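In this chain, numbering begins with 1 at the start of the sequence shown. Reckoned from all heavy atoms, side chains included, excluding hydrogens, waters and symmetry mates. Keep in mind that what you see is a predicted model, and the values were worked out from it rather than measured.
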Amino acid sequence: MPRSAPPPAVEAGSAATAGRWVAIGREALGALVALALSVIALRHVVATPRVALLWYDGDSVLLPLVRRSLDAGQPFEWAMSPALFFFPELPVYLLCSVVTATPQQALALNGVLVLLAVYALLRAAANELMPSAGRPARIAVSGLALAFVTALVLTESTATATSLELASLLLTTTYYYGAVLAMLATAVLVLRAVRTGRASVPVLVTLGLVAALTTASNPLYVPWSAGPVIVTLGLLALARRVPWRPAGLLGGVLVVGSVVGYLVRIPLRPFVSLDPSTYVHPSRAFDTLAFFAQLTDDRAATAAGDAGLLLLFVGVLLAVGGTVWAWRIRTSRTVLVATVLPLVTVVAVSVGVVVAGSETPRYLEPIVTAPLLAFIAVAELTRTAVRATRVHRPSRAVRTLLAIGAAAVLVAGVAAVPGTVRTVSDARYSAAGCLDRWAAGRDVTGVGQFWTVRPLATYAAPNVELLQVRDTFDTYPWLVDLGAYRGARPTFVVIGSGDVWTRAVEDSLGAPASITHCTGFDVYDYAGTTGAAVLRDRVVQSAEQTLRDRGF
């Protein structure tokens with residue numbers, strides 16, 4: 001007898017299951033492309049002098065030092081900067097350090113995870129900006145946006161943070177990637193509310209938590225994200241392009257969340273070394289303009305630098321052009337918000353840095369990431385414009401080019417994996433090895449200046465402890481655990497080749513028992529001399545006073 005056809009319900013169920021697997025496969029492919037792009041970016045950084053900023057910079061080693069302090073059981077009495085790095089940087093790094101063997105490996109993994117998080121947020125933004133587009137289109141646009149960031153990273157290779165090489169800062173743990181991710185997450189939540197026309201309770205609660213937690217950890221969230229969003233929604237509401245009710249609710253939640261974040265910082269005050277207001281010097285505005293003009297000239301001195309500046313200009317151009325385009329054709333509210341918000345952010349950050357008189361390039365980091373929203377919005381404007389014509393069917397050529405591009409990225413990513421893994425796994429700080437050989441397994445404590453001792457303190461053996469001091473041997477309470485100074489008995493001084501001592505160390509402590517020469521620094525051993533007692537008294541007493549002043 002002939003076999004009967006399956007019931008329609010079974011066919012529908014099978015089709016739905018197959019559809020889900022296809023969707024999962026496409027999302028997995030997009031994630032793999034994002035991972036490949038992240039590996040390519042990391043490979044470039046670890047293969048160039050930029051690796052010093054990732055692994056050995058005095059600021060970059062903060063979280064590895066926190067992990068080392070926790071492992072040593074020291075009191076958690078950290079003197080941070082105005083950015084506390086408690087959310088999300090510290091928990092993310094600690095998780096990375098659990099599954100890796102060295103600080104270099106943990107920092108590398110952390111950098112890759114940040115770029116993957118950027119992709120995930122861009123993917124969420126694409127869902128809000130391109131709801132009528134197919135899943136492949138949204139995945140492709142998100143991947144292209146991350147490829148834009150990767151391309152910028154490939155133009156950056158110097159070892160300094162004082163440059164206009166901003167994209168690669170995302171791979172580091174202490175150059176504010178948390179505020180960048182919060183900025184993108186805030187934009188996604190705002191786009192969700194604007195698209196639906198209502199600010200739902202889950203969106204408002206999530207937005208408030210992001211604002212409060214990020215502001216408590218890093219006040220840069222306010223000028224980077226909360227402020228530009230409030231201004232953007234206010235302007236568009238006045239122009240009657242966005243409904244007042246959701247705009248008012250979103251703005252109000254951002255204000256409340258930011259205020260709560262600042263209030264949370266009050267009990268955290270002992271951890272904050274400087275008030276953010278100390279970074280504001282309006283009288284230096286013209287000097288700041290000259291400073292950034294010089295940085296631009298320096299960046300344009302190489303072909304790679306020119307390419308990086310061009311890409312930054314393209315990002316800004318997308319925001320400007322997208323805003324004009326979206327405004328004129330009266331497109332969807334979400335697309336308009338996604339073009340205006342990056343433009344407002346870029347203007348606010350750029351003007352704010354100049355008005356504040358700040359000569360700190362990393363405060364311009366949003367000019368890299370904010371235009372990524374405009375990138376997706378312009379892609380949607382282009383797609384809808386093409387669909388309105390007679391050639392609205394998806395072009396086979398476009399699909400072919402995207403497939404070839406994705407394949408090329410995957411191949412390049414796979415090819416970069418062995419060298420990247422080998423470089424990260426084998427990475428060692430040779431200077432710390434020299435110090436370890438001098439210590440010869442003894443439990444020793446020494447002191448030195450910030451830029452010299454921090455990488456040594458991070459990568460030296462557990463039996464070697466280093467405390468950072470000023471050139472007067474007073475405690476230098478900046479990005480350091482003051483609990484480590486309690487009862488410390490330093491017996492040696494590390495003197496770096498680039499250190500500046502207003503008074504010779506031997507004039508302050510007398511002649512050392514011995515001097516050991518290492519590449520980049522010397523070790524003055526005062527064990528068994530009167531200088532050791534002088535050193536101990538100066539360091540410990542100043543630390544005790546600092547601890548009292550900070551309220552620990």
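When every heavy atom of Ala187 is checked against every heavy atom of Leu341, the shortest pair comes out as CB-CD2, 4.0 Å. When all heavy atoms of Arg138 and Asn127 are compared, the pair lying nearest together is NH1-OD1, 2.8 Å. Considering every non-hydrogen atom in both Leu109 and Val99, the closest pair reads CD2-CG2, 3.7 Å. Taking both residues in full, the closest heavy atoms of Ala199 and Pro246 are given as N-CB, 4.3 Å, listed atom of the first, atom of the second, then distance. Nearest heavy atoms, Val203 versus Leu189: CG1-O, 3.6 Å.
Checked against the 6.0 Å centroid threshold, Tyr56 and Tyr459 count as a close aromatic pair.
We find the OG1-CG distance between Thr232 and Leu235 to be 6.5 Å, quoted to the nearest 0.5 Å. In this structure, CD in Gln104 is found 7.5 Å from CG in Leu107, a value given to the nearest 0.5 Å. Interatomic distance, CG of Asp306 versus CG of Leu311, reported as 11.0 Å (0.5 Å rounding). For the atom pair Leu312 CG and Arg299 CZ, the distance stands at 7.0 Å (nearest 0.5 Å). A distance of 6.0 Å separates CG in Leu184 from CG in Leu373, rounded to the nearest 0.5 Å.
Environment of CZ in Arg192: sparse, with no more than 12 heavy atoms of neighbouring residues, nucleotides or ligands closer than 6.0 Å.
A donor atom on one side chain and an acceptor atom on the other are found under 3.5 Å apart for Thr158 and Glu165. Tyr119 and Ser38 share no side-chain donor-acceptor pair at under 3.5 Å.
The aromatic rings of Tyr363 and Tyr176 lie parallel to each other, with less than 30° between the two planes, well short of the 60° mark. Ring geometry for Phe148 against Phe375 counts as tilted: the plane angle lies between 30° and 60°, on a 0 to 90° scale.
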Are Glu380 and Arg383 close enough, and set up right, to give a salt bridge (Lys or Arg N to Asp or Glu O under 4.0 Å), and what steps lead you there? CA-CA 5 Å; Glu380 173 64 2; Arg383 187 188 71 86; 2.9 Å; yes

Given Ser132 and Met130, is the side chain to side chain contact (heavy atoms under 4.5 Å, CB included) satisfied, shown in steps? CA-CA 6 Å; Ser132 62; Met130 308 172 68; over 6 Å; no

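For the side-chain contact (heavy atoms from CB on, under 4.5 Å) with Leu63, the qualifying choice from Thr172, Thr458, Leu90 is Leu90, the only one to do so.
Under the salt bridge (charged side-chain N to carboxylate O under 4.0 Å, His left out) criterion, Arg195 pairs with Glu128, not counting sequence neighbours.
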